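One-based numbering along the sequence shown. Computed from a prediction, not measured in an experiment: that's the story for all the values here.
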Amino acid sequence: MGAASLDIGPLRRHRDFRLLFVGQELSTFGSEVTYVALPFQTYQLTNSTLAVGLLSLAEFVPLIVMAFVGGALSDAFDRRRLIQLAELGSGLAIAVLMVNSLLPHPSVAVLFVVAPVLAALYGILRPSLDALVPRLVTREELPAAAALEGFRGTLGSIAGPAVAGVIIAGAGLPVAYALDVATFGASLVALWFMRAVPPPPDAPPVSLSSIAEGLRYARSRQELLGTYGVDIIAMFFGMPMALFPAIAKGFGGAEVLGLLYAAPAVGSLLATVTSGWVAHVHRHGLAIIVAAGTWGAAIIGFGLAPNLALALVGLVIAGGADMVSGIFRMTIWNQTIPDRLRGRLAGIEQVSYTSGPLLGNLEAGVVASLASVRASVVSGGVLCVVGVALAAIALPVFRRYDARTTRTDSPPVGAL
């Protein structure tokens with residue numbers, strides 16, 4: 001395996017990881033279609049960037065609450081079963097969006113009701129998904145598995161938004177939502193063929209004390225706090241996606257909207273297919289800091305771009321930097337967290353990498369409504385770079401983290 005190529009060994013060697021990979025690829029593709037359709041429909045019905053930002057605010061509280069609950073559930077129950085239940089509920093919620101979009105006058109209120117429901121279900125799904133992967137591969141394969149998971153996500157994140165723009169412009173929103181429902185069904189079939197993944201034998205029951213145990217563990221380790229904090233800073237200040245519908249309107253319409261959403265995923269894909277080098281990097285904390293700073297700089301370039309082509313280049317660079325950060329964050333998490341705590345820590349991780357974008361979209365929408373779209377994007381990128389630099393100074397243990405010398409608390413994990 002070349003140093004610059006994607007290591008697909010875990011897919012070849014582990015049947016259940018392969019089934020999970022395929023099923024989640026289909027599910028991600030459909031979810032990305034809805035990820036474009038939902039804010040597009042909100043902007044279409046309200047003509048307000050603030051409304052799009054408020055949609056993210058509506059998702060914030062249920063996502064945060066259910067991430068902690070979902071993390072505790074994933075340590076106490078079969079993680080595969082929890083993913084199945086969450087995806088079934090999500091498919092039904094998307095069906096409601098489809099029916100609403102077929103009405104002569106679709107209701108904005110329905111969008112603001114269904115979006116929090118989807119966020120809550122995602123709060124159940126994602127901790128179980130993240131905690132499941134280390135149970136399906138060996139510890140030595142975790143960096144490669146992290147890159148493959150990133151590759152899986154970026155494939156859907158490229159194809160989904162690109163297809164969404166075409167579908168919305170051509171066939172309409174109902175077809176876009178129907179496609180997402182179908183992909184959830186396909187993912188459920190793949191999950192059905194996987195073997196059960198029972199909780200660790202020493203897993204505690206779901207309780208407030210078990211959630212608190214996970215929080216105490218995270219707080220005790222500065223390298224974990226660094227992975228959470230840097231990502232929140234980068235996403236809160238440098239997340240311009242709530243502005244994409246308004247930006248696309250200036251560049252050409254719905255077809256351009258799909259390109260804007262897909263461009264960061266193109267950068268992520270380029271980062272993952274050339275990710276063989278990540279196994280040779282041991283200063284994971286410093287790598288995350290550099291990648292997050294690069295994200296902010298690229299967002300500044302995106303905001304200043306005078307035309308669509310340069311704007312897309314800025315988003316591609318940002319997406320690549322975000323994926324590099326994600327690979328090293330996931331590697332730190334999976335290599336150092338005990339299996340009995342993985343679900344609860346995955347819930348905390350989910351709070352870090354989803355609250356930033358949700359609040360960041362709100363921040364971007366508010367600033368754009370008070371100033372301008374360009375001012376919102378550029379100022380966010382600048383604050384991202386400054387914030388990441390300050391976090392690096394404030395967290396020396398995280399900055400100096402070295403996988404070769406730092407003690408890990410997780411025993412070797414064998415494949416099922």
Tell me, do [X] and [Y] make a side-chain contact under 4.5 Å, heavy atoms counted?
X	Y	value
Tyr401	Thr336	yes
Leu92	Val96	no
Thr227	Phe328	no
Val163	Phe29	yes
Val114	Ile94	no
Ile337	Glu349	yes
Tyr228	Phe398	no
Asp16	Leu19	yes

Inset, instruction - Could you pull out all residues at least two apart from Phe77 that satisfy ring pair (Phe, Tyr, Trp, His ring centres under 6.0 Å)? - result: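 Once residues adjacent in sequence are excluded, Phe77 has no partner under the ring pair (Phe, Tyr, Trp, His ring centres under 6.0 Å) criterion.
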Inset, instruction - Go through the structure and list residues passing ring pair (Phe, Tyr, Trp, His ring centres under 6.0 Å) with Phe237, not counting sequence neighbours. - result: none
Inset, instruction - List the steps, then state whether side-chain contact (heavy atoms from CB on, under 4.5 Å) holds for Phe302 with Val377. - result: CA-CA 8 Å; Phe302 166 65; Val377 176; 3.6 Å; yes
Inset, instruction - Could you go through the side-chain contact (heavy atoms from CB on, under 4.5 Å) check for Ile8 and Phe151 one step at a time? - result: CA-CA 10 Å; Ile8 63 171; Phe151 177 73; over 6 Å; no
Inset, instruction - Tell me, with the steps shown, if Asp231 and Arg329 meet side-chain contact (heavy atoms from CB on, under 4.5 Å). - result: CA-CA 9 Å; Asp231 191 47; Arg329 293 198 312 271; 3.4 Å; yes
Would [X] and [Y] count as having a side-chain donor-acceptor pair, cut-off 3.5 Å?
X	Y	value
Ser325	Trp295	no
Thr28	Arg152	yes
Ser128	Arg80	no

Inset, instruction - Give every residue pair that meets the side chain to side chain donor-acceptor pair (under 3.5 Å) criterion with at least one member in residues 97-122, sequence neighbours excluded. - result: Tyr122-Arg126
Inset, instruction - Identify, with sequence neighbours excluded, every residue that meets salt bridge (charged side-chain N to carboxylate O under 4.0 Å, His left out) alongside Asp180. - result: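 So Asp180 forms no salt bridge (charged side-chain N to carboxylate O under 4.0 Å, His left out) with any residue.
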Inset, instruction - State which residues pass salt bridge (charged side-chain N to carboxylate O under 4.0 Å, His left out) with Arg219; sequence neighbours excluded, sorted by chain then number. - result: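 By the salt bridge (charged side-chain N to carboxylate O under 4.0 Å, His left out) rule, Arg219 matches no residue at all.
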Legend entry - Atom pair CD (Glu32) and CG (Leu179), whose distance is rounded to the nearest 0.5 Å: 12.0 Å
Inset, instruction - Report, as yes or no, whether the 6.0 Å neighbourhood of atom CG on Leu208 holds more than 12 heavy atoms from other residues, nucleotides or ligands. - result: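 Open: at most 12 neighbouring heavy atoms sit under 6.0 Å from CG of Leu208.
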Inset, instruction - Determine the sole option in Leu85, Leu88, Thr183 for which the side chain to side chain contact (heavy atoms under 4.5 Å, CB included) test with Leu188 is passed. - result: Leu88
Inset, instruction - Specify whether Tyr35 and Tyr261 have parallel, tilted or perpendicular ring planes, treating 30° as the upper limit for parallel and 60° as the lower limit for perpendicular. - result: perpendicular
Could you list the donor-acceptor pairs under 3.5 angstrom formed by side chains in residues 64-71, with sequence neighbours left out?
none

